[in-house]
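These notes are about the structure you will find just below.
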Amino acid sequence: MARFELKLPKMGESVAEATITNWLKQVGDKIEADEAVLEIATDKVDSEVPSEVSGILVEQLFGKDDLVQVGQTIAIIETDSAAVTETVQEVAAPAEVAIIEKTVEVAKEAVAVPADFSDSEKFLSPLVKNIAKEEGVSVAELAAISGTGKEGRVTKNDILEYVKNRTSQPVVAAPVQKTVAAPVAQKAAPVSVSGGDEIIEMDRMRKLIAGYMVASVQTSAHVQSFIEVDVTNIVKWREKNKVTFEKREGEKLTYTPIFMEAVAKALKDFPGMNISVDGDYIIKKKNINLGMAASLPNGNLIVPVIKNADQLNLVGMAKAVNDLGGRAKAGKLKPDDTQGGTYTVTNVGTFGSVFGTPIINQPQVGILALGAIRKMPAVIETPEGDFIGIRQKMFLSHSYDHRVVDGALGGSFVKRVAEYLEAFDVNRDV
């Protein structure tokens with residue numbers, strides 16, 4: 001009989017804990033190797049935890065919405081199928097079964113109100129809750145049990161020992177009160193006045209995003225700079241080379257990697273934008289890690305990060321953009337994919353916006369919004385004189401933290417990005 005401890009895996013250097021959002025497998029379920037057992041969420045991304053072995057799930061050590069540290073055991077899997085069948089059927093030892101049966105008989109003779117363990121201030125594992133319900137143990141009784149588990153948690157042995165001692169004492173009717181406890185005040189759900197409105201609670205990710213946005217506005221003194229850019233050469237070059245690029249590299253050539261390349265170059269020129277703020281301290285970042293805001297199918301937003309973006313050529317940048325963007329849409333991002341960003345770029349032009357005023361991704365100090373590319377009449381200067389022509393233009397909108405970035409730096413940085421884009425070589429090799 002082999003019992004395998006399923007632990008919360010390491011999900012990146014900066015990720016130390018995760019919240020259990022859903023158990024995909026329940027006690028008694030058969031599990032195949034590499035099959036997902038539960039879903040977890042960090043502060044940035046949702047993920048699944050697969051099993052490393054085949055077997056049967058015999059114990060869940062944490063419940064939904066519990067916070068778990070990396071390396072903690074979250075479930076027990078029995079890898080010997082034959083032995084597991086017996087283990088699952090015989091959850092308790094014979095002596096414990098006798099105790100349970102006796103307690104159930106006593107409970108049937110009393111009038112009891114079903115306990116709501118969700119109101120308990122103690123952490124209770126699903127197994128402990130089930131035993132407590134079967135044995136008629138109230139929330140008040142559970143609160144009085146001294147747990148021997150980590151941080152005083154009540155274990156299976158604790159609850160069974162309590163039941164054994166309780167049933168060994170004479171049964172007294174006094175603890176069963178005729179009066180029903182006053183109902184606990186609950187937060188009322190919003191009600192539509194007209195009756196025709198639909199009221200939907202925000203999902204976990206939307207609540208996190210809402211919190212981040214409000215906190216960022218309250219933390220940073222946001223100020224914006226806007227600049228118009230002529231990207232005609234970029235549009236022509238991409239149209240000429242996108243088919244060849246895709247055939248050779250197996251990757252689509254979008255505008256995003258070209259813009260990311262220019263931003264990475266500008267950050268090297270202006271390292272004062274590649275910083276973060278920690279209280280009264282400024283942290284100059286060694287690496288240039290570009291976050292790229294991506295919209296998810298459910299309407300939420302996530303920001304995967306291109307690590308060491310300044311060290312990538314255009315092909316490497318395109319592969320990184322497509323990989324992170326594709327995995328974001330498929331919900332396959334790993335927690336570490338969203339960590340360590342030093343500057344963020346968001347493409348509001350994807351949805352037709354000409355420009356925008358994005359909110360800074362804390363603790364960074366700047367974020368660049370890329371507007372839609374449009375054909376515009378423009379004055380073209382030549383040695384022979386000026387004339388009006390049709391050009392491909394877009395706006396860059398730069399939001400920066402005025403606590404540590406003044407207008408000279410914030411404006412100079414976005415201007416440098418524009419200069420790199422306008423100087424794009426139309427004869428550049430793919």
Side-chain angles (χ1 to χ4, degrees), residues 5-25 31 33-52 60-75 77 202-213 215-216 260 274 276 278 283 285-309 312 317 319-346 359-364 367:
E5 294 185 354
L6 180 65
K7 300 179 184 295
L8 183 65
K10 185 175 182 180
M11 299 167 289
E13 295 181 0
S14 55
V15 182
E17 59 188 18
T19 300
I20 295 176
T21 57
N22 185 35
W23 280 96
L24 302 175
K25 296 291 184 179
I31 301 171
D34 296 327
E35 187 177 8
V37 179
L38 68 158
E39 295 175 338
I40 59 172
T42 66
D43 60 345
K44 290 291 183 70
V45 68
D46 294 350
S47 185
E48 295 178 343
V49 177
S51 173
E52 300 174 38
Q60 296 173 344
L61 301 181
F62 293 90
K64 184 179 178 181
D65 297 328
D66 286 339
L67 190 65
V68 185
Q69 301 296 315
V70 169
Q72 276 191 294
T73 301
I74 50 183
I77 298 173
M202 287 187 281
D203 60 26
R204 185 195 64 82
M205 182 173 283
R206 177 49 55 185
K207 290 177 182 177
L208 288 172
I209 293 172
Y212 293 148
M213 296 300 99
S216 181
M260 288 293 197
N274 198 54
S276 65
D278 185 3
I283 302 172
K285 298 295 185 177
K286 177 182 178 181
N287 300 324
I288 294 177
N289 299 333
L290 291 183
M292 45 175 270
S295 179
L296 299 175
N298 62 4
N300 288 327
L301 184 72
I302 199 165
V303 186
V305 177
I306 302 173
K307 307 293 175 60
N308 298 309
L312 300 176
M317 189 73 78
K319 289 182 180 293
V321 167
N322 292 341
D323 172 58
L324 291 172
R327 287 196 285 124
K329 291 180 180 178
K332 299 296 184 181
L333 287 175
K334 299 176 182 178
D336 200 43
D337 290 329
T338 61
Q339 305 294 324
T342 61
Y343 188 87
T344 298
V345 178
T346 179
I359 296 175
I360 297 168
N361 187 12
Q362 297 294 327
Q364 299 168 22
I367 181 172

Less than 4.5 Å apart, side chain to side chain, heavy atoms only: is that true for [X] and [Y]?
X    : Y    : value
V305 : Q339 : no
T19  : L67  : yes
Y343 : I367 : no
I306 : L312 : yes

Look up atom [atom1] in [X] and atom [atom2] in [Y], then write down how far apart they are to the nearest 0.5 Å.
X    : Y    : atom1 : atom2 : answer
I288 : K307 : CD1   : NZ    : 14.5 Å
K332 : D323 : NZ    : CG    : 13.5 Å
L38  : L8   : CG    : CG    : 8.0 Å
E35  : E48  : CD    : CD    : 10.0 Å
E17  : Q72  : CD    : CD    : 10.0 Å
T73  : L61  : OG1   : CG    : 6.5 Å

Return the set of residues passing side chain to side chain contact (heavy atoms under 4.5 Å, CB included) with L296 (not counting sequence neighbours), or none when no residue passes.
-> M205, N298, N300, I302, A328
Partners meeting side chain to side chain contact (heavy atoms under 4.5 Å, CB included) with I359 (sequence neighbours left out) | M213, S216, V217, H222
Looking only at heavy atoms, which two atoms of [X] and [Y] are closest? And how far apart?
X    : Y    : value
S276 : K285 : OG-CE, 3.4 Å
A294 : L301 : O-CD1, 3.3 Å
M202 : K207 : O-CE, 3.1 Å
I31  : S51  : CG2-CB, 3.6 Å
A75  : W23  : CB-CH2, 3.9 Å

Could you tell me whether the side chain of T342 and the main chain of N289 form a donor-acceptor pair under 3.5 Å?
-> yes
Does the N274 side chain pair with the main chain of K286, one donor and one acceptor, at a distance under 3.5 Å?
-> no
Sorted by chain and number, sequence neighbours left out, salt bridge (charged side-chain N to carboxylate O under 4.0 Å, His left out) with K334 holds for none
Give the intermediate values and the outcome of side-chain contact (heavy atoms from CB on, under 4.5 Å) for residues V49 and V37.
-> CA-CA 6 Å; V49 177; V37 179; 5.7 Å; no
Taking T344 as the fixed residue, which of N361, L290, I360 is the one that meets the side chain to side chain contact (heavy atoms under 4.5 Å, CB included) rule?
-> N361
So with a 6.0 Å cut-off around NZ of K329, is the heavy-atom count from everything else above 12?
-> no
